[in-house]
Structures are given as structure tokens and as C-alpha cells.
Q: 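Structure in C-alpha cells, see below.
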Amino acid sequence: MTEVPQHVTIIMDGNGRWARKQGKQRLFGHKEGVESVRACLEFAVEKGIRYLSVFAFSEENWNRPEEEVSGLMALMFKSVLNEEKTFMRNNVRFRVIGDVSRLKPDLLRVIRGLEERTAANTGTTLIVMLSYSGKWDITQAAQRYAQDALAAQREAREPAPLTEENFATYLSTAGIPDPDLMIRTSGEQRISNYMLWQCAYTEFYYTDVLWPDFRKNEFARALEAFSTRDRRYGKIK
Ligand code: FPP
């Protein structure tokens, strides 16, 4: 019996290279990448994976050419509008995490609307990490903790102690279990400022497959590899 991870996170990489190999524009690869997100979500639902998070756009990605950034944002907008049926049919809850203050108001509005309409769904939660970076997350958590500590001081209250557990409640992923498995496609073997705090004990799985080609069979292979890992969390078994 293969052990099913509770939270799988994916760094979806290689869309541009995939498109180039077909002699197409980069956005064509991103569009095909959305099909992979849907296939992986359906597989996660089938397997009973509670959380599937996907790194759709990093803070660093804002520095890509304007044409690519606006193309990706338009794709995100369209996907949010199109995928509601899939989410409802599969009892999927949809969430977006990241520095959403940088998003255009109309995109943020459709995201928040879909989050609300799927909030009562009890199956898999799909988390799209958008305008996200690990250092941003830790920094915003530290800022908010400091604000709360200062407010406590002003009101002559004892600030909450800065424990790991308490600090984690300030992260953008508060309430979501840390990923058990992180998958990165396209042969790159690095974390790229992703969930730096949350991946402390995550198992990493790297594959040369480019994201648009990563579908159910590839996901199944990653889960198979995960099931053979011996997770000791620094202890001796
Ligand atoms: C990395 O490939 C991929 C991205 C930066 C974007 C990923 C976004 C999607 C697949 C769209 C997701 C949409 C939803 C609705 C979740 P790359 O462009 O870095 O490829 P390269 O390394 O080959 O250049």
C-alpha cells in the first residue's frame, strides 16, 4: 500500500522550453501547463490528497517581459472563470496565496469570488501560489508579529511569545499542513525562494519531464517514489 501525502506542492517548471521545442510562443506552454494543473488536481482528488499547491507565479516573475506577465495574468483570469465547474464537480476548495496587493483589482475580485463560492467544499484544497516568495512570506509574518507585539505593549499586555508554532500562524499558509512532498519539473534542482519555512522536512522529487507533459502517470510515479522515502525528521528510527 502506498502512503498518500497530505499536502503535495509543485514547482511547475519548463513551460517556456516545452513551447520552444514545438516552435511556439512561451504563452502556448503556459496554456498547456494549465491542462497539467487540471490533470494533477483530478488525480489528487482521486487519491484523496488533502492539499495540492502549485507555484504559479513568483515575486521574481514580475521581472519577466511585460508581454509575458500580462499573458500569464490573463491566463489566470480565464482559468479562474473556467474552472469553477471542475472545482464544484470535484468538491474542491480553491485558494490563492501570495502578495495579492500586486494583482490587478479585477483579477483579485474574481479570485476572491471563487474562493468564497468554494469555501464550503470539503474535498481537496487547490492552492495557487501567486505573486509568492518564501522570503516575502517570512518577512510579512515578522512584520505582522512585530505590529501585534507593539500593540500589546501599547495596551500594557504581554506579547505572545515568539515560538515556532506561534510564528507559523503569521505565515500566509497558516492552518495548512506543511508539504509532505515537493515536486519540481524540468530538471532544475533548487527551491527558488519557494516555501522556505514550510519545506523544512519536505521530501523533494525532481524530474526532467517538462510541466506541460506532467500528467497523471508522472504524478503517480512521484507518489510511488514518495512512498519509498524513510522520513525520520532528524530522529533515529
Ligand atoms: C515555469 O515555466 C512556469 C511558470 C512561471 C508559470 C506557471 C503557470 C501556469 C502553468 C499557469 C497556472 C495557472 C493556474 C490557473 C494555476 P517557465 O516559464 O519558467 O519555463 P522555462 O523554464 O522553460 O522558461
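Note that ligands are numbered from 1 as they come in the structure, with each ligand's atoms numbered from 1 the same way.
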Q: Does the side chain of Thr202 pick up a donor-acceptor pair with the side chain of Asp178 at under 3.5 Å?
A: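 The answer is no; no qualifying pair exists.
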
Q: Below 30° counts as parallel, above 60° as perpendicular, anything between as tilted: where do the rings of Phe219 and Phe43 land?
A: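 Taking Phe43 first and then Phe219, their aromatic rings sit tilted (interplane angle of 30° to 60°).
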
Q: Number the atoms of ligand 1 from 1 as they appear, then name those within less than 4.0 Å of a heavy atom of Asn61, with their elements.
A: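 Once the distances to Asn61 are compared, the set is 5 (C).
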
Q: Could you go step by step and tell me if Lys135 and Glu59 meet the salt bridge (Lys or Arg N to Asp or Glu O under 4.0 Å) rule?
A: CA-CA 10 Å; Lys135 288 188 179 179; Glu59 285 275 57; over 6 Å; no

Q: Quick one: does Val54 get an N or O within less than 3.5 Å of an N or O on ligand 1?
A: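 By distance alone, the answer is no.
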
Q: Say whether Arg17, considering both its backbone and side-chain N or O atoms, lies within less than 3.5 Å of an N or O atom on ligand 1.
A: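 Yes; at least one N/O pair falls below 3.5 Å.
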
Q: Using distance alone, decide if ligand 1 has a nitrogen or oxygen within less than 3.5 Å of any nitrogen or oxygen in Arg64.
A: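 Yes; the residue has a nitrogen or oxygen that sits under 3.5 Å from a nitrogen or oxygen of the ligand.
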
Q: Between Val80 and ligand 1, find which residue part has any heavy-atom pair under 4.0 Å and reply side chain, backbone, both or neither.
A: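 Neither part.
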
Q: Would one find an N or O of Ser79, backbone or side chain, under 3.5 Å from an N or O of ligand 1?
A: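 No.
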
Q: Mind checking whether Arg26 contacts ligand 1 via backbone (N, CA, C, O), side chain (CB onward), both or neither, at a 4.0 Å heavy-atom cut-off?
A: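 Arg26 to ligand 1: side-chain contact only, backbone stays beyond 4.0 Å.
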
Q: With heavy atoms only and a cut-off of under 4.0 Å, state how Glu60 meets ligand 1: side chain, backbone, both or neither.
A: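 For Glu60, no heavy atom sits under 4.0 Å from ligand 1.
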
Q: Please write down residue, atom name and distance for the protein heavy atom closest to atom 6 (C) of ligand 1.
A: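 Result: Ala56 O, 3.3 Å.
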
Q: Starting from atom 1 (C) of ligand 1, which protein heavy atom do you reach first, and at what distance in Å?
A: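 Of every protein heavy atom, Met12 O, 3.0 Å lies nearest to atom 1 (C) of ligand 1.
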
Q: Would a distance-only check, ignoring hydrogens and angles, find a side-chain to backbone donor-acceptor pair under 3.5 Å from His30 to Leu72?
A: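 No.
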
Q: Could you tell me if Gln198 and Asp137 have a donor-acceptor pair between their side chains, going purely by distance under 3.5 Å?
A: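 Looking only at side-chain atoms, Gln198 and Asp137 do form a donor-acceptor pair, the distance falling under 3.5 Å.
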
Q: Which of the numbered atoms in ligand 1 are below 4.0 angstrom from a heavy atom of His30?
A: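 Taking each heavy atom of His30 in turn, ligand 1 has 4 (C), 6 (C), 10 (C), 18 (O) under 4.0 Å.
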
Q: Phe167 vs Trp197 aromatic rings, parallel, tilted or perpendicular, using cut-offs 30° and 60°?
A: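 Correct class here is tilted.
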
Q: Which option wins on minimum heavy-atom distance to atom 2 (O) of ligand 1: Leu41, Val37, Asn15?
A: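 When every heavy atom of Leu41, Val37, Asn15 is considered, Asn15 comes closest to atom 2 (O) of ligand 1.
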
Q: Check the side chains of Arg184 and Ser192 for a donor-acceptor pair under 3.5 angstrom, ignoring hydrogens and angles.
A: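 Side-chain D/A pair, Ser192 to Arg184: present.
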
Q: Decide yes or no for Leu210 and Lys21: does some side-chain heavy atom of the first lie under 4.5 Å from some side-chain heavy atom of the second?
A: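 Sidechains of Lys21 and Leu210: in contact.
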
Q: For ligand 1, which part of Met76 has a heavy atom less than 4.0 Å away: the side chain, the backbone, both, or neither?
A: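 The answer is the side chain of Met76.
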
Q: Is there a donor-acceptor contact under 3.5 Å linking the side chains of Ser36 and Arg215?
A: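 Checked: Ser36/Arg215 side chains pair up, N/O donor to acceptor below 3.5 Å.
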
